[in-house]
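In what follows, every chain begins at residue 1, and chains take the letters A, B, ... in the order their sequences are listed. Quick caveat, the model's predicted, so the values are computed rather than measured. Any value given below was found using the heavy atoms of this structure, including those in side chains, with hydrogens, waters and symmetry copies removed.
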Amino acid sequence: MNKYRTHTCGELNQSHKGDKIILSGWINKKRDHGNLLFIDLRDNYGLTQCVIDKDNVIFKEIEKLPLETVIKIEGKVIERTKETVNKKIETGQIEISIENFESLGSTKELPMPVFSDQEYAEEIRLKYRFLDLRRKKIHQNIILRSKVISFIRSEMQKFGFLEFQTPILTSSSPEGARDFLVPSRLNPGKFYALPQAPQQFKQLIMVSGFDKYFQIAPCFRDEDARADRSPGEFYQLDIEMSFVEQEDIFNIVEKLFINLFKNFSDKKILHEKFPKISYEDAMLKYGSDKPDLRNPLIISDITKIFYREDIKFEIFKKLVKSGSVVRCLVTKNTKDKPRSFFDGIDKWAKEQGSSGLAYFTLEKNDTISGKGPVGKFFSEDSILEIMKQTKAEIGDTILLSCGKQHDVEKILSQTRAKLANELNLIDDNCFSFCWVVDYPIFEIDEVSNKIIFSHNPFSMPQGDINNIDLSKPLNLKAYQYDIVCNGIELSSGAIRNHIPELMYKLFEIAGYSKNNVDENFSGMINALSYGAPPHGGIAPGLDRIVMLLADEKNIREVTMFPMNQNAQDLMMNAPSNVSDQQLKELNLAIRKKS
RNA sequence: GGGGGUGUAGCUCAGUUGGUUAGAGCACGUGCCUGUCACGCACGGGGCCGAGGGUUCGAGUCCCUUCACUCCCGCCA
């Protein structure tokens with residue numbers, strides 16, 4: 001209790017009847033009857049209706065206050081009559097009879113209303129974020145975020161993890177995303193980089209013997225934004241453990257996630273033991289390494305069928321002979337969908353940059369046949385074979401894509417999501433987690449045609465580490481894994497490669513010489529040479545976890561002060577120009593645009 | 001870097017085939033109203049129709065250019 005309030009706006013009820021109280025908060029809403037005025041007073045904790053009539057000398061004054069003025073109200077708690085109780089708010093059993101008030105903070109005309117469930121343009125919301133954050137939904141989202149972080153901290157500590165901070169100013173690394181750079185005043189011409197993740201530090205923490213580490217870690221990547229990706233910065237629950245195998249990490253993370261999601265959401269968790277899907281399987285069955293398992297549609301490879309004589313689909317057959325694959329999706333019982341539906345899907349697929357989708361619906365009269373634009377190319381026998389391989393039944397529709405494997409995977413993955421959406425196949429009231437495992441260490445870069453690391457260069461190859469066959473690098477799998485929930489990639493992690501000699505060999509395959517590695521990863525490689533424990537970890541994205549729990553589609557809805565798509569903070573005017581003096585101290589010159 | 005969508009009052013939006021004075025709700029101002037909780041009623045102020053150029057007798061509306069925001073692709077080990 002102080003001079004501003006005896007209670008909050010969310011706590012008064014009949015038990016306070018007759019009490020003299022003081023509340024402070026914002027004027028959320030006024031209902032002015034001329035001789036009787038209702039004010040809904042709002043603070044972080046709730047709403048309380050306050051009432052005053054014209055007999056009070058301050059009536060005229062308080063009547064004039066605009067919405068969102070901050071006021072202090074002194075008054076008495078009155079029990080409402082039965083007819084006037086408001087069941088929609090916590091304090092609806094009572095109201096405050098206003099005896100006196102004081103304006104604590106006046107307001108200019110509002111650029112956006114606070115009391116409204118309407119959607120507003122992003123620009124105005126970000127510029128006046130402090131107003132936007134007063135609004136109920138986003139206010140609750142931010143509170144949820146805080147509670148989620150507290151919960152995670154307490155769980156991790158219970159599991160025996162220690163929380164450490166790692167440097168924000170560190171060195172640039174050649175692998176991965178574009179770095180944010182910070183010029184060094186004391187070392188002219190040199191730059192720090194903000195960490196893309198505390199990857200090397202967390203491994204160094206293990207080498208230092210701390211055994212189990214976690215951190216709610218800020219990560220900085222200078223890449224373009226998406227709805228589920230903030231520009232600039234985001235947070236990870238960074239975890240690393242010593243003397244562990246992949247399965248140990250899985251156990252900890254599954255426990256944490258099940259507790260977390262059960263605690264903060266009523267949605268059903270489909271598999272409490274997260275299914276494990278190999279990268280290869282995921283790419284085949286879902287066309288993506290972040291499959292939404294709520295979606296029942298599965299992709300099948302039917303390339304081989306196109307070698308049959310009794311299929312006359314010459315375009316596909318020709319492509320298959322030159323190395324293309326044919327894969328398909330099956331929609332159940334869609335025989336009554338109008339032709340325009342599937343033509344629309346085909347048209348959409350072409351707009352996504354693919355060569356389109358062929359389709360036919362399985363029909364049975366005297367014989368089984370394919371109905372639709374390309375159905376006539378398939379004999380009854382060939383259709384039976386397709387039905388066998390895809391488990392399709394009469395009345396189902398087969399949608400086919402033919403092309404390079406990578407392109408087919410991509411378009412069928414998108415089609416899978418689109419069809420599920422349009423056919424309403426996804427139960428939005430559940431969470432479906434899975435592990436994607438067995439990632440390849442290397443892949444071929446499409447542009448340069450060279451072998452590059454497909455994910456993390458620090459991951460441990462699978463197999464006997466004393467005797468790994470490096471002759472076919474593209475076949476090498478890593479102890480590398482992702483958690484996916486409802487089609488959203490929540491995190492990736494790995495058992496790390498803690499053996500310098502092996503690391504040099506892998507880097508060599510990706511085109512880095514020993515000197516090169518020594519230079520770029522000196523901190524890591526040096527540390528690993530002085531008795532490093534086997535270790536591994538993972539780093540779930542915190543913002544995306546909160547997004548799922550808050551049931552939001554956009555990451556800015558769970559971020560307090562986000563930047564816009566062009567990485568600008570409209571409220572603080574960042575980034576901004578700096579003085580010549582500052583530039584001079586940093587030995588920097590701005591190059592004029594040509 | 002590329003593609004899509006949007007841009008009209010402080011906010012959310014409508015605006016017909018190109019037609020004379022650009023509308024509504026909320027907010028704001030004035031007045032009326034003693035039980036509302038999205039209070040109600042009346043009146044009022046408020047607009048470079050994102051910007052620039054063009055077509056036309058005439059452009060919020062059609063064309064071109066450009067800017068801003070947003071979604072997607074590229075990118076994000």
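Across all strands, A:Arg556 comes closer than 4.0 Å only to sugar-phosphate atoms, never to a base (heavy-atom distances). Within 4.0 Å (heavy atoms only), A:Asn554 reaches sugar-phosphate atoms of the nucleic acid but no base atom. Residue-level contact check: A:Phe115 touches the backbone only, with heavy atoms under 4.0 Å from sugar-phosphate atoms and none from bases. Within 4.0 Å (heavy atoms only), A:Asn566 reaches sugar-phosphate atoms of the nucleic acid but no base atom. Looking at heavy-atom distances under 4.0 Å, A:Ser454 makes contact with sugar-phosphate atoms alone, never a base. Residue-level contact check: A:Pro111 touches the backbone only, with heavy atoms under 4.0 Å from sugar-phosphate atoms and none from bases. Within 4.0 Å of A:Gln196, counting heavy atoms only, lies no atom of the nucleic acid at all. As judged by a 4.0 angstrom heavy-atom cut-off over every strand, A:Ile452 is placed among residues making no nucleic acid contact. The residue A:Glu122 sits close only to the backbone: its heavy atoms come under 4.0 Å of sugar-phosphate atoms, none of a base.
Distance alone, capped at 3.5 Å, is enough to place a donor-acceptor pair between the A:Asn141 side chain and the A:Glu557 backbone. Under the 3.5 Å distance criterion, the side-chain polar atoms of A:Thr84 are matched with a main-chain donor or acceptor of A:Thr81.
A:Asp238 and A:Lys202 are joined by a salt bridge, as a carboxylate oxygen and a charged side-chain nitrogen come within less than 4.0 angstrom of each other. With respect to A:Lys350 and A:Asp346, a salt bridge is recorded, a charged nitrogen being found less than 4.0 Å from a carboxylate O. Comment: A:Arg496 engages A:Glu240 in a salt bridge, judged by a side-chain N to carboxylate O separation of less than 4.0 angstrom. The pair A:Glu63-A:Lys60 counts as a salt bridge, with a side-chain nitrogen and a carboxylate oxygen less than 4.0 angstrom apart. At a threshold of 4.0 Å, the pair A:Asp407-A:Lys404 does not count as salt-bridged, since none of the basic side-chain nitrogens sits closer than that to a carboxylate oxygen.
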If you restrict it to nitrogen or oxygen atoms, what contacts under 3.5 Å exist between nucleotides 28-30 of chain B and the protein, and what is each distance?
none

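Pair assignment for B:U6 gives B:A68, based on Watson-Crick or G-U wobble hydrogen-bonding distances that are each under 3.5 Å. Nucleotide B:C41 forms a pair with B:G31, judged by Watson-Crick or G-U wobble geometry with both contacts under 3.5 Å. Base pairing analysis places B:G60 opposite nothing; no Watson-Crick or G-U wobble pair with both distances below 3.5 Å involves it. With both pairing distances under 3.5 Å, B:A24 is matched to B:U12 as a Watson-Crick or G-U wobble pair. Base pairing annotation: B:G47 forms no Watson-Crick or G-U wobble pair, as no partner gives both donor-acceptor distances under 3.5 Å.
Separating the NZ atom of A:Lys410 from the P atom of B:C73 is a distance of 8 Å, rounded to the nearest angstrom. A:Lys418 has its NZ atom 14 Å from the P atom of B:C73, to the nearest Å. Atom pair A:Trp348:CH2 and B:C72:C1' shows a separation of 12 Å (rounding to whole Å applied).
For B:U36, neither phosphate oxygen OP1 nor OP2 lies less than 4.0 angstrom from any side-chain nitrogen or oxygen of A:Arg31. Residue A:Asn86 has no polar side-chain atom (N or O) positioned under 4.0 Å from OP1 or OP2 of B:U36. A sub-4.0 Å separation between OP1 or OP2 of B:C69 and a side-chain N or O of A:Gln568 is present. The side chain of A:Lys29 contributes an N or O atom lying less than 4.0 Å from OP1 or OP2 of B:A27. Distances shown here put a side-chain N or O of A:Gln565 below 4.0 Å from the OP1 or OP2 atom of B:C71.
Ring geometry for A:Phe507 against A:Phe521 counts as tilted: the plane angle lies between 30° and 60°, on a 0 to 90° scale.
Judged by atom type and distance alone, A:Arg229 reaches the base of B:C75 through a side-chain donor-acceptor pair under 3.5 Å. In terms of polar N and O atoms assigned as donor or acceptor, the side chain of A:Arg80 comes within less than 3.5 Å of the base of B:C37 in a complementary pairing. Taking only distance into account, the side chain of A:Glu119 never meets the base of B:U12 through a donor-acceptor pair shorter than 3.5 Å.
Rounded to the nearest 0.5 Å, atoms CG (A:Leu204) and OG1 (A:Thr166) are 10.5 Å apart.
Between the side-chain ring of A:His33 and the base of B:C39, a stacking contact exists by the 5.5 Å and 30° definition.
Heavy-atom distances to RNA chain B give each of A:Gln480 and A:Ala121 a nearest nucleotide, and the one nearer the 5′ end belongs to A:Ala121. Closest-nucleotide positions on RNA chain B for A:Asp53 and A:Phe453 were compared, and the one nearer the 5' end corresponds to A:Asp53.
The P atoms of B:G10 and B:G29 are separated by 16 Å, rounded to the nearest whole Å.
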